[in-house]
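I have placed the structure first, in the form of structure tokens, so that the comments after it can refer back to it.
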Amino acid sequence: MDFHQLSSRKPDTSDIAPETVLHEVFGYGEFRPLQGDVIHEIVAGRNALVLMPTGGGKSLCYQVPALVRPGTGVIISPLIALMQDQVAALLQLGVRAAFLNSTMDFQQARDTENALLTGELDLLYCAPERLLQPRTLELMHQASISLFAIDEAHCVSQWGHDFRADYLGLDILAREFAHVPRIALTATADERTRKEIAERLSLTEARHFISGFDRPNIQYRIAPKTNANKQLLDFIKAENQGEAGIVYCLSRNKVEATAKLLCSKGHTALPYHAGLPPEVRAENQERFLREEGVIVVATIAFGMGIDKPDVRFVAHLDLPKSLEAYYQETGRAGRDGNPSVAWMVYGLQDVIKLRQMLEGSAGNDHFKRVERQKLDAMLGLCEITTCRRQALLRYFGDTLETPCGNCDTCLIPPQTWDGSVAVQKALSCVYRTGQRFGVNYLIDVLRGSENERIRQSGHQVVSTFGIGADMSASDWKSVFRQLVANGHLRADPEGYGALQLTESCRPLLKGEVPVQLRKDPVVKAKKGTSQGSRIKEQITDQVGWDALRACRKALADEQGVPPYVIFHDTTLFEILERRPANLAELGDISGIGAAKLERYGEAFLKTLSELGSVAPQAD
Ligand code: ADP
Ligand code: ZN
């Protein structure tokens, strides 16, 4: 049975089970735990509020009920690019999908509206401002609507970072379409936002479906910065050669320089920041989606509305301002559920820079206090000696009972050492030299270096001169970094990088409390984790893999869609492993529904059979 038969039977749908749609249309074996419950609720005509992390599978929660229930499912989505991607992917599945937004001309909009009225659409994506126009609402009243899905529902929250005024108008749906089930979806974690969503969208009576926020396939790694460029190149070379990834930097200049560096080492790297002309940005984003193995080097401006499932790594060369930002940015890795890495290096200068930016920013005291707390939490994660995932989830109000086994601190537990005396020496050196010097100078004094600057300032006679000769400069750097991160030292407000004592350092300076410090690891975290190894590490038949990828790429290019819209890597890998001999066997593979089997089945079987005939000669 293909989906056209299914959909022609749609008017009396009581006999189509959600599971059938899952198998036939999407080609998946089973629902993920929460999906089944949510779908059941909506199919029964009730409302729901759904909270799932990125990559959790929110789309199926409304796509399946929309196909099961009679009428058209209307999806409200704030991002036009995302809307277009989703529609393209659905059309691939043989689902009758379309969108209404400001990019279409009058005639296109008319055609779509007519298709809605005559019941020829399974799903219609619509921007909120469009939906709320009286004309569109009238149209909705005339059409048969199976459900309303409100995607990115946190946009209704005025306190959140993505507030959109149009979302506030969406509670009209509750009043005017009381008989149509509504489902609101978001990946935003915190309790306050969730309550706000429920209130503003009149969903307080609705059942809330909340799944944990863990992204178990993402490996978190944070290392002290020694030589950031070299560290990045080593990381990509050792683990991510030819993979798609995102590298985040704070400034445009650094974005440009890093992209150049990566290109000079043979990677395909593209810059992305607000200073580039819109058409260049659009083109670079497009290449990231369409081509394989492209690295985008970006300021934080990149990422909203990027739904690429096979991003294998997210690297931070600069520290994000908060854990919220860190989790959102790293969350762009591994939407497909395959092993991915969130990698970051950070150093003393980053800490100083962020603290200075914060203090120098416009904003009242309350604002700064909140920002300071957020930065402290971010630095806390960097310096932590226990499981990073547990700390992250705790911050978001979620719990993980045992250490995760898939972050750097779990894989290589960091050592701690009694830094009480070293800390005393460091703080005292800051004090004795008048709180006017930066870290390199302070380290020179501690280590007793004879240089011109020290002689000029007469600091070779202060009592702290040479008292730290027993430790290396990099060990001292680590001490100072931790003192700044923990707020015992701060950079001068004028921005020269001079370190000054804070109130909290007093007991440390006097030696009244012992201080445990983190010993910076010299080894890097090993890959190959509890999450299993990556697809590319499991491939034994590289020739076969390349041939299947080439087949996928050719089909994708023919239609102007990204390769993952044809098949995800996981599906492609299963084809390689199982070597299906015919369409029936191919159709058993996860991710191959009826429409894709019909469209692409022959092409992939042909590729496989060509491989088969070549293989013996290769032996
Ligand atoms: P979200 O919108 O929550 O970020 P998506 O809806 O894009 O997540 O789903 C993430 C990925 O998981 C998609 O590639 C999707 O095809 C896949 N997926 C979702 N549900 C299932 C399932 N039941 N079985 C297999 N794959 C699934
Ligand atoms: Zn861990």
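Remember, it's 1-based here, ligands and their atoms both numbered in the order they're listed. Throughout, numbering of the chain's residues begins at 1 and tracks the sequence. These numbers come from a predicted model, not from an experiment.
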May I ask you to say whether [X] pairs ionically with [Y], meaning some side-chain N is under 4.0 Å from a carboxylate O?
X	Y	answer
Asp151	Lys58	no
Lys553	Asp546	no
Asp310	Lys308	yes

Residues around ligand 1, heavy atom under 4.0 Å from any ligand atom, sorted by chain and number. Can you pull those?
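If the criterion is a heavy atom under 4.0 Å, then ligand 1 touches Tyr28, Glu30, Phe31, Arg32, Gln35, Pro53, Thr54, Gly55, Gly56, Gly57, Lys58, Ser59, Leu60, Arg335, His568.
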Side chain to side chain donor-acceptor pair (under 3.5 Å) partner of Tyr346, the single match among His316, Lys225, Glu383
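Of the listed options, the one satisfying the test is Glu383.
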Using the ring of each side chain (for Trp, its six-membered ring), is Phe26 parallel, tilted or perpendicular to Tyr28, with breaks at 30° and 60°?
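Phe26 and Tyr28: parallel rings.
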Using 30° and 60° as the class limits, which term best fits the ring planes of Tyr220 and Tyr326: parallel, tilted or perpendicular?
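Rings of Tyr220 and Tyr326: tilted, as their planes differ by 30° to 60°.
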Taking the Zn ion (ligand 2) as the vertex, what is the angle from SG of Cys407 to SG of Cys410, given to 10 degrees?
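That angle is 110°.
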